Novice: 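Provided herewith is a single structure, encoded as structure tokens, for subsequent inquiry.
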Number of protein chains: 2
Amino acid sequence: MCLPCCGLSRPERELANRLAFSRSRLRRGEHLYRIGDSFNSLYAVRNGFFKSVTPLDNGREQVTGFSMPGEVLGLDGIGPERHAFNCIALEDSEVCAIPFGGLQSLAFEIPSLQRHFYKMMSREITRGHGVMLQLGSMNAEERLAMFLLNLSRRFAARGYSESEFNLRMTREEIGSYLSLTLETVSRTFSKLQDERLICVQQKLIRILNKAGLEGVMGRQGN
Amino acid sequence: MCLPCCGLSRPERELANRLAFSRSRLRRGEHLYRIGDSFNSLYAVRNGFFKSVTPLDNGREQVTGFSMPGEVLGLDGIGPERHAFNCIALEDSEVCAIPFGGLQSLAFEIPSLQRHFYKMMSREITRGHGVMLQLGSMNAEERLAMFLLNLSRRFAARGYSESEFNLRMTREEIGSYLSLTLETVSRTFSKLQDERLICVQQKLIRILNKAGLEGVMGRQGN
DNA sequence: CGTTGCGTTGAATAAGGTCAAATAGAGTGG
DNA sequence: CCACTCTATTTGACCTTATTCAACGCAACG
């Protein structure tokens with residue numbers, strides 16, 4: 001079941017089965033959707049990895065987020081009825097499209113689904129504000145520690161290892177997301193490795209000292 | 001009428017009148033709501049000025065936004081049903097409380113109201129991502145230019161002068177919002193003044209060259 | 001007046017960006 | 001299997017920018 005159904009009770013789930021989900025596959029580099037595309041569906045990531053990207057006023061692009069299996073994509077389109085980001089597969093991936101029209105009619109019958117939506121959207125708000133706001137007050141080491149711990153937590157929540165994982169994105173994409181140059185990202189990985197907090201082998205990251213990493217974040221501005 | 005009713009047609013507005021709005025006054029420094037307060041209402045700012053503040057992990061606080069008359073406060077609470085920010089009056093202010101329960105029942109009868117909500121929440125998402133994301137790639141001058149232009153646009157939209165206005169917040173609060181130190185904010189105001197783009201007299205700001213200010217933002221990372 | 005909060009300015013410092021070069025892998029074709 | 005190429009990554013040297021620390025100015029208010 002690929003719907004984010006954690007907010008639903010059993011009979012509601014059966015109702016939800018009325019929705020026709022369609023899967024689709026994407027190759028690495030393909031767009032799931034583009035800015036301005038009309039918004040029809042939410043997408044549950046079944047496998048693979050995605051980045052969301054937005055163009056900046058100055059013509060450059062900024063990565064706004066990464067999405068892994070089990071997570072929902074496309075919430076940015078709900079209000080404006082057009083997508084606000086470009087969403088691109090970082091590797092060959094598969095998603096499950098959830099038609100929003102049907103979902104919305106369902107929501108009229110199922111108040112808890114309505115609430116569930118508000119929750120998801122609201123989490124988006126908080127995530128955006130929360131994560132992004134913090135960035136400003138954090139130095140490079142803190143940003144990277146936060147990034148890794150966030151990934152780790154999400155991997156764990158989806159049943160993957162929390163201490164060892166492959167980054168699917170380049171240093172440049174990480175830098176764009178964290179507002180750092182790729183050189184600083186690289187240097188900071190090395191620094192965290194020197195401190196024996198992580199082990200870096202190309203894209204493979206091993207977290208050696210989780211508490212230590214959390215300490216990096218905690219000691220900010222103290 | 002203090003409801004954000006721009007999305008409603010006439011009969012819907014009449015329906016909306018069934019909602020009981022209650023006004024309340026706040027003194028400078030008083031909390032409109034605090035983090036963790038149960039979420040009951042949205043608030044339309046009638047007059048005055050507010051800041052939203054969130055505590056950071058390290059114990060310090062960060063200003064996440066400013067709100068002026070005509071704007072809606074409290075959207076952060078919808079999903080979690082508890083407020084996610086502290087909201088504090090920057091001067092003696094008056095708000096209009098819109099009970100959310102009633103609003104939600106209304107939304108069941110009025111699909112356009114439902115959509116309107118999605119829109120407002122979604123705008124919150126976009127605003128958060130949009131503004132905050134940009135910060136990372138902007139230097140102090142660009143940040144301040146953006147801040148002033150944003151304020152100017154919002155003042156204009158509410159019927160105030162777009163070229164001359166009083167800042168209700170301190171340099172420190174601006175700095176917190178933009179992730180700069182208060183000294184850098186001050187220096188940068190001076191710099192913009194030296195460039196004849198603005199005129200600063202304590203809290204009174206006059207925008208002398210709007211195009212120039214926009215140019216400051218535009219030339220980022222060119 | 002003296003105090004207090006807020007704002008401005010200067011000098012020294014630290015952090016990250018920029019530019020440049022070296023290295024390492026992954027994939028390709030011979 | 002090897003050379004070749006392309007891209008990603010790492011590292012170094014230098015420079016720009018914002019922060020830090022400190023001093024001073026100013027206005028409001030008791």
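These figures come from a predicted structure and were not determined experimentally. Reckoned from all heavy atoms, side chains included, excluding hydrogens, waters and symmetry mates. Throughout, a chain's letter reflects where its sequence line sits, starting with A, and its residues are numbered from 1.
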Novice: Under 6.0 Å from the CZ atom of A/Arg158, do we count more than 12 heavy atoms belonging to anything else shown?
Specialist: yes
Novice: Would you mind classifying the nucleic acid contact of A/Ser186 as base, sugar-phosphate or nothing, using non-hydrogen atoms under 4.0 angstrom?
Specialist: base
Novice: How about A/Phe39 and A/Phe100: are their ring centroids closer than 6.0 Å?
Specialist: yes
Novice: Without decimals, in angstroms, what is the distance between A/Phe189 CZ and D/dT11 P?
Specialist: 13 Å
Novice: What is the first contacted nucleotide of DNA chain C and what is the last, in 5' to 3' order, if contact means an atom lying under 4.0 angstrom from a heavy atom of chain A?
Specialist: C/dG16 to C/dG25
Novice: Measure CG/A/Leu204 against C1'/D/dA8 and give the value in whole Å, please.
Specialist: 16 Å
Novice: On a heavy-atom basis, which atom in B/Leu180 and which in B/Val185 lie closest, and how many Å separate them?
Specialist: CB-CG2, 4.1 Å
Novice: Please find the pair of heavy atoms, one from B/Gln62 and one from B/Tyr177, that lie closest to each other, and give the distance.
Specialist: NE2-O, 4.0 Å
Novice: Any chance you could list the contact pattern along nucleotides 13-30 of chain D? Use B for base contacts, S for sugar-phosphate-only contacts and - for none, protein heavy atoms under 4.0 Å, 5' to 3'.
Specialist: B----SBBB-----S---
Novice: Report the C-alpha separation of A/Arg196 and A/Asn209 in whole Å, then their side-chain angles, then the decisive distance to 0.1 Å, and conclude whether the side-chain contact (heavy atoms from CB on, under 4.5 Å) test is met.
Specialist: CA-CA 7 Å; A/Arg196 313 275 173 214; A/Asn209 182 350; over 6 Å; no
Novice: Is there a side-chain contact (heavy atoms from CB on, under 4.5 Å) between A/Leu135 and A/Arg143 once you walk through the steps?
Specialist: CA-CA 7 Å; A/Leu135 278 192; A/Arg143 292 182 199 203; 3.7 Å; yes
Novice: Distance check, rounded to the nearest 0.5 Å: A/Glu142 atom CD versus A/Thr188 atom OG1?
Specialist: 11.0 Å
Novice: I'd like to know if the side chain of B/Thr64 and the backbone of B/Thr54 have a donor-acceptor N/O pair within less than 3.5 Å.
Specialist: no
